[in-house]
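Everything below concerns the one structure shown next.
Every heavy atom of this structure was used, including side-chain atoms; hydrogens, water molecules and symmetry mates were not. Along the sequence shown, residues are numbered consecutively beginning with 1.
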Amino acid sequence: MAGILDAFKEKHEEARVYDGKKLKVGIIGCGWIAEAHLKSYLKCDDVEVVAFADLVPGKAEAFAKANGVEGRYYNSDKELIDNEKDLDAVSVCTYNREHAPCTIYALEHGVNVLLEKPMCVTMEEAVDICKAEKKSGKILSIGFQPRFDENMKMVKKICESGVLGKIYYIQTGGGRRMGIPTPFGTSFIQEDTAGLGALGDIGCYSLDMVLNAIGYPKPLTVTGFKAGLFGKKPEYLQKPEYTEVFGVDDFAAAYIRLEGGVTLDFRIAWAMHCDTPGDTIIMGTEGGLRIPSTECWNGSIGGPMTIYHNIAGECVETVIPEMTNDGDNFDKKIRSFIDAIEFNLPSPVPTSQIIYNQAIISGIAQSSDLGREIEIEIPEF
């Protein structure tokens, strides 16, 4: 067992030396996720958060001052970008339907971007983002902080080690029993602001966990289903009147065929009459990996993982203990983005991968609307 576990030990990178220059950063969209970005930036000695923008008049200034920060305040992303001439980067923390236009405008004006998940709502938007990124030559990273969780890294190392053999089937997903996100208002549940519900909010995380682990193979076809089954029930929302504007999915499921002969069985829920839609299972010709689910998606795992395999003709199980994280994963997300800018490193969470994630999400929505399987097409850019 020790030999198997040793195979997954991580190699340490050489320490980087910072030149003392402070990068100037702006935050676009001043809702609750922006607070996490701001707090992480404030821990970086080489970063100065200088500007804030929000469509709601006065919200940007109120947000900054509530967090003990002074800056310049704007009522749109364009105002911020146009006026902050020496800006190095922005965090785009808007609701989903504003992800694409805000990101594209920043890239077109030579500003690096950390874009919160999901990447966007439609494949057309995703392609436009990638085209703008390629033309700009700037860093664009997508906000998947679970990538930095030690347990998630372990899942990837196990898959890459070859101990599972050829991977051919994956079951994944996640969910909450009563977890439609309305404590922060209705932007998560309105079609005209969110565009996607559970599928984009936590579904993108579940997909990234397994797709990243196996090298992000290209999706080929998808049969998908999505529905809003609980969002019209007042007991599932923060306020009864929110039922009137609920217009996204609170459950989705799909069957996806990937390049390399891998089948992906996926389900996600904001609300359900069950404690979990199931553990994540990665099955290969030489072994299988079980990843315990969590009660609510939290970017990690619900307990020790198990590898099922054969040794000397006997069926055995190797338990992989839970890993302890050194530091906060959100802080690591921010730090990796800043490092990529300062040291000319590749994007920590590149669009070349996440466009496949977006293709699956968009494909599930399209398949559900059409009531049939569809082929996934990803244009060249």
Please report the interatomic distance CD1(Ile361) to NZ(Lys117), rounded to the nearest 0.5 Å. 9.5 Å

Is a donor on one side and an acceptor on the other found under 3.5 Å between the side chain of Thr182 and the backbone of Gln238? yes

Looking at Asn310, I'd like to know if its CG atom is crowded, meaning that more than 12 non-hydrogen atoms belonging to other residues, nucleotides or ligands lie closer than 6.0 Å. yes

Whether the Asp82 and Tyr105 side chains hold a donor-acceptor pair (N or O, under 3.5 Å, no angle test) is what I'd like checked. yes

Residue pair Met154 / Met305, side-chain heavy-atom distance below 4.5 Å: yes

Step-by-step side chain to side chain donor-acceptor pair (under 3.5 Å) determination, Thr351 to Glu133: CA-CA 9 Å; Thr351 56; Glu133 175 194 18; 2.5 Å; yes

Enter the distance from Glu116:CD to Thr94:OG1 here, rounded to the nearest 0.5 Å. 9.5 Å

Salt bridge (Lys or Arg N to Asp or Glu O under 4.0 Å), that's the test. Do Asp192 and Arg97 meet it? Break it down for me. CA-CA 7 Å; Asp192 60 346; Arg97 287 205 179 274; over 6 Å; no

Verdict with reasoning, Lys157 to Glu160, per salt bridge (Lys or Arg N to Asp or Glu O under 4.0 Å): CA-CA 5 Å; Lys157 284 186 280 186; Glu160 291 178 340; over 6 Å; no

Is Asn112 reaching over with its side chain to a backbone N or O of Ile139, donor-acceptor style, under 3.5 angstrom? yes

Checking the side chain of Ser368 only, and the main-chain atoms of Phe225 only, is there a donor and an acceptor separated by less than 3.5 Å? no

Salt bridge (Lys or Arg N to Asp or Glu O under 4.0 Å) partners of residues 226-242, not counting sequence neighbours, each pair once: Lys226-Asp369

Nearest heavy-atom contact between Asp88 and Leu23 is OD2-CA, 3.3 Å

Main-chain N/O of Gly231 paired to Asp250 side chain as donor or acceptor, under 3.5 Å: yes

Quickly, which of Phe251, Trp270, Phe266 forms a side chain to side chain contact (heavy atoms under 4.5 Å, CB included) with Leu199? Name it, please. Phe266

Tyr216 side chain to Asn357 side chain, donor-acceptor N/O pair below 3.5 angstrom: yes

Donor-acceptor pair, side chain of Asn83 and main chain of Glu79, under 3.5 angstrom: yes

Looking only at the side chains, is there a donor atom on one of Asn325 and Asp149 sitting less than 3.5 Å from an acceptor on the other? yes

With distance as the sole test, does Asn151 use its side chain to make a donor-acceptor pair with the main-chain N or O of Met323 at under 3.5 Å? yes

Tyr205 and Phe144: aromatic ring centres closer than 6.0 Å? yes

Working to the nearest 0.5 angstrom, can you tell me the gap between Phe337 CZ and Ser40 OG? 13.0 Å

Within the side chain of Ser336, is there an N or O that forms a donor-acceptor pair under 3.5 Å with the backbone of Lys333? yes

Only one of Ile170, Ile354, Leu258 forms a side chain to side chain contact (heavy atoms under 4.5 Å, CB included) with Leu211, so which one is it? Leu258

I need the single residue from Lys22, Lys21, Arg335 that forms a salt bridge (charged side-chain N to carboxylate O under 4.0 Å, His left out) with Asp46. Which is it? Arg335

Start with the C-alpha distance between Arg372 and Thr223, add both sets of side-chain angles, then the distance that settles side-chain contact (heavy atoms from CB on, under 4.5 Å), and finish with yes or no. CA-CA 6 Å; Arg372 59 174 173 83; Thr223 299; over 6 Å; no

Of all heavy-atom pairs linking Phe52 and Cys30, the shortest is CB-SG, 4.0 Å

Atom CE of Met119 and atom OG of Ser362: how far apart are they, to the nearest 0.5 Å? 10.0 Å

When rounded to the nearest 0.5 angstrom, what is the spacing between OG in Ser300 and CE in Met152? 5.5 Å

Donor-acceptor under 3.5 Å (Ser91 side chain, Cys93 main chain): no

Within the distance-only criterion (no hydrogens, no angle test), does the side chain of Ser367 pair as donor or acceptor with the backbone N or O of Gly363 below 3.5 angstrom? no

Assess whether salt bridge (Lys or Arg N to Asp or Glu O under 4.0 Å) is satisfied between Asp265 and Arg267, documenting all intermediate values. CA-CA 7 Å; Asp265 183 357; Arg267 70 295 303 266; 3.2 Å; yes

Set out, in order, the CA-CA distance, both residues' side-chain angles and the distance that settles salt bridge (Lys or Arg N to Asp or Glu O under 4.0 Å) for Arg72 and Glu84, then state yes or no. CA-CA 9 Å; Arg72 292 174 289 278; Glu84 298 292 327; 2.7 Å; yes

Show your working on side-chain contact (heavy atoms from CB on, under 4.5 Å) between Leu207 and Leu264 and close with a plain yes or no. CA-CA 9 Å; Leu207 289 170; Leu264 176 56; 3.8 Å; yes

How far does CD1 of Ile282 sit from CD1 of Ile167, to the nearest 0.5 angstrom? 6.0 Å

Residue pairs passing the ring-ring contact (aromatic ring centres under 6.0 Å, His included) test with at least one member in residues 149-187, sequence neighbours excluded, are Trp32-Phe184

Residues that His37 engages under ring-ring contact (aromatic ring centres under 6.0 Å, His included), provided they are two or more places apart: Phe330

Are Val222 and Leu370 linked, directly or through intermediate hydrophobic residues, by side-chain heavy-atom contacts shorter than 4.5 Å (ILVMFWY only)? yes

Expected output: side-chain Glu259 to main-chain Pro219 donor-acceptor under 3.5 Å: no

CA sep, side-chain torsions, deciding dist, call: Lys78, Ile81, side-chain contact (heavy atoms from CB on, under 4.5 Å): CA-CA 5 Å; Lys78 292 183 178 180; Ile81 298 295; 5.9 Å; no

